2 protein chains.
Amino acid sequence: MQIKVAIIDDRSSNRHILKEKLSRNPVFVVTLIAENGKDFLQQLKNVPPELLPDVALMDLEMPEMDGVNAIALGSSLYPTIRFVVLTIFDDEDKIFKAIRAGAFGYLLKDENAENIEEALLHMHETGAGPISPGIAHKILQMVQRTPDEKTIQQTQVQKEDPLLVLTDREQEILQLLVQGYLYKEIGAKLNISANTAKKHVMNIYQKLHINSRAQAMHLAYEKGWL
Amino acid sequence: MQIKVAIIDDRSSNRHILKEKLSRNPVFVVTLIAENGKDFLQQLKNVPPELLPDVALMDLEMPEMDGVNAIALGSSLYPTIRFVVLTIFDDEDKIFKAIRAGAFGYLLKDENAENIEEALLHMHETGAGPISPGIAHKILQMVQRTPDEKTIQQTQVQKEDPLLVLTDREQEILQLLVQGYLYKEIGAKLNISANTAKKHVMNIYQKLHINSRAQAMHLAYEKGWL
DNA sequence: CCACCAATAATCCGATTGGATTAGCGCTAT
DNA sequence: ATAGCGCTAATCCAATCGGATTATTGGTGG
């Protein structure tokens, strides 16, 4: 399986270096190179749907159309493309705008190329957007400064549940189960064997009178356990 | 320079393992160990200010007083302590509550010990809060889903449900899939072969960048498709 | 001390799922 | 008319899951 990558950057040296670095790993195919947002969208029009890039590595500061606008337009026109910002800027305004525009990841250019490659591979495996540590910290601070209403209402107790028949350990495992983790992943997280994790799940199924993960998830969402 | 660390976790095995791992690096000194939030705050009262921990590694799910409350109280009583969540849970509700309570970092327990150590050192050097990649991704998604007033005026185009990339048939099949029906049952309901039903599901997984029924259900509930 | 139970772990088995590939058929638009 | 796309279908294989059973350990309460 190959990953089709688009590179959008106004500096030709950046474009070439990045392409060269990515090309050293045959998993990556650079299928589109543009020098600004307008150029990028223009080129996309002439690309058949099956050849659309999987990832667009987008610079922010560019003439004609900048990265934020390109992401805003591109992500609604082509929802299957994952837009990853790749820039030297880390001020909160740019980060915030890019995220609001629909950026799926945000990497700083001072990451060395190995990290970028690694981050993209990790994204393709896990589906999680790649984010540089410093950026993550700033995003967290932004969230902290934004007070929220819905936390107030739900601070009260709920309980009175069939959950009461489950042991602490079983509740813990149920949490992970309904989040879609494999037995082996649950085991790894809790430092127990996958077999044991499964055994707990079987006990949970019995107690709740269900017999599949799907039913567990239904219950969990209906009862608001998540 | 040493880093004074507090460990708060209700499982004694976790406490011991973590302490042992950190102690292998002489930079870290575990100065306080508690088994829940109440215990933690109680112990802090008897600690002279100059011996207060620099970092508190806080589990979330604990009896007596959970991590969120402990962070909320602790961070106002002892503003110099950096509270870092260290847990196996990565559902958005817990992440959000912890951040709002004042968490400075959020690490997942499936990070291996080297990463935790590394993250803490990095925090002490740069001042940036340590955040696991998967958590960063989820925080970013939360920000994306929180409409902001001043950005609406400049980007009113977006939205564009990922569902739109799915064909009618695929949406039909997705509905049944997330309700827990087996391939053969989906096939029977739609008068097609189980193989065909499965083929559609595989196409859906590709388009939505997921790879399991559990993830599909997650998406469906989060996006309110059910 | 013994019964009980939660938690741990392993094994065996059949059913189901995930992943990749190939292929025919019908409709649509260039 | 031919290339593209959606829908149909099948096959192969590895991984995971659901179900049942057995066993050991460590606490807790009679």
Side-chain angles (χ1 to χ4, degrees), chain A residues 1-3 27 45-52 80 124-127 163-219, chain B residues 10-14 16-17 63 88 163-219:
Chain A
M1 181 57 173
Q2 285 195 317
I3 302 176
V27 173
K45 286 184 189 166
N46 303 320
V47 173
E50 73 274 15
L51 291 183
L52 282 178
T80 63
H124 213 257
E125 283 165 15
T126 69
L163 273 190
L164 293 184
V165 304
L166 297 185
T167 66
D168 287 354
R169 195 54 156 176
E170 283 165 351
Q171 294 188 38
E172 203 170 10
I173 273 150
L174 180 58
Q175 283 277 330
L176 297 173
L177 182 78
V178 300
Q179 284 173 58
Y181 291 108
L182 306 179
Y183 292 149
K184 63 168 64 163
E185 291 172 334
I186 296 175
K189 274 180 188 277
L190 300 180
N191 289 315
I192 58 178
S193 129
N195 290 315
T196 303
K198 175 179 165 176
K199 173 63 176 148
H200 284 301
V201 170
M202 291 304 142
N203 290 337
I204 292 169
Y205 285 174
Q206 275 209 341
K207 288 187 179 178
L208 299 183
H209 305 291
I210 57 180
N211 51 27
S212 76
R213 186 191 218 97
Q215 292 174 39
M217 294 185 71
H218 272 305
L219 258 186
Chain B
D10 58 328
R11 294 188 76 81
S12 79
S13 60
N14 288 341
H16 296 328
I17 291 173
I88 55 167
L163 274 189
L164 292 186
V165 305
L166 298 185
T167 67
D168 289 354
R169 197 54 157 175
E170 283 166 350
Q171 293 189 39
E172 201 169 8
I173 273 148
L174 179 56
Q175 280 287 326
L176 298 174
L177 183 77
V178 299
Q179 283 171 54
Y181 291 108
L182 305 180
Y183 292 150
K184 62 171 64 163
E185 291 172 333
I186 296 175
K189 275 182 188 282
L190 300 180
N191 288 316
I192 58 178
S193 132
N195 289 315
T196 303
K198 174 181 165 175
K199 173 62 175 149
H200 285 302
V201 171
M202 291 304 142
N203 290 336
I204 291 168
Y205 285 175
Q206 273 212 338
K207 289 188 179 177
L208 299 184
H209 297 103
I210 57 181
N211 52 26
S212 76
R213 185 193 219 97
Q215 290 174 39
M217 294 184 70
H218 232 2
L219 255 187

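Hydrogens, waters and symmetry mates are skipped; everything else that's a heavy atom, side chains included, is used. Chain letters run A, B, ... following the sequence lines, proteins first, then strands; residues in each count from 1. It should be emphasised that the depicted structure is a prediction, and the values quoted were computed from it without experimental measurement.
- Heavy-atom distances to DNA chain D give each of B:K198 and B:L190 a nearest nucleotide, and the one nearer the 5′ end belongs to B:L190.
- Spacing between atom CG of A:N203 and atom P of C:dC4 amounts to 18 Å, rounded to whole angstrom units.
- When the P atom of D:dG18 is taken as reference, atom CD1 of A:I186 falls 10 Å away, rounded to whole Å.
- Under 4.0 angstrom from either OP1 or OP2 of D:dA10 there lies at least one side-chain N or O belonging to B:S193.
- Panel note: side chain A:Q179, backbone A:Q175; a donor-acceptor pair is recorded below 3.5 Å.
- For D:dC17, the OP1/OP2 oxygens have no side-chain nitrogen or oxygen of A:S212 closer than 4.0 Å.
- Distance alone, capped at 3.5 Å, is enough to place a donor-acceptor pair between the A:K207 side chain and the A:V165 backbone.
- The shortest distance between the side-chain N/O atoms of A:Y205 and the OP1/OP2 oxygens of D:dG19 is not below 4.0 Å.
- The distance between atom CE of B:M202 and atom P of D:dA10, rounded to the nearest whole Å, is 16 Å.
- Comparing B:E170 and A:V201 along DNA chain D, the residue whose closest nucleotide (by nearest heavy atom) sits nearer the 5' end is B:E170.
- Between B:H200 atom NE2 and C:dT17 atom P there is a gap of 16 Å when expressed in whole angstrom units.
- The CD1 atom of A:I173 lies 8.5 Å from the CD1 atom of B:I88; values are rounded to the nearest 0.5 Å.
- Going from atom CZ of B:R11 over to atom C1' of C:dT8 covers 11 Å, rounded to whole Å.
- One atom, CD of B:Q215, and another, C1' of C:dT17, lie 13 Å apart when rounded to the nearest Å.
- Distances shorter than 4.0 Å separate none of the side-chain N or O atoms of A:Y183 from OP1 or OP2 on D:dA15.
- For the pair A:N211 CG and D:dG19 C1', the interatomic distance rounds to 10 Å; values are reported in whole Å.
- Judged by atom type and distance alone, B:K199 does not reach the base of C:dG18 through any side-chain donor-acceptor pair under 3.5 Å.
- Between B:K184 and C:dT16 there is a side-chain N or O to OP1 or OP2 distance below 4.0 Å.
- Inspection of the B:K199 and B:N203 side chains reveals an N or O donor paired with an N or O acceptor under 3.5 Å.
- Contact annotation: B:N195 reaches the phosphate of D:dA10 (side-chain N/O to OP1 or OP2, under 4.0 Å).
- At C:dA10, none of the side-chain N or O atoms of A:T196 fall inside 4.0 Å of OP1 or OP2 (strictly under the cut-off).
- Rounded to an integer number of Å, the gap from CG of B:L177 to P of C:dT16 is 15 Å.
- The line from CD of B:Q215 to CG of B:L208 is 10.5 Å long, rounded to the nearest 0.5 Å.
- Taking only side-chain atoms of B:L182, from C-beta outward, the nucleotide of C:dT16, D:dC7, C:dA9 with the closest atom is C:dT16.
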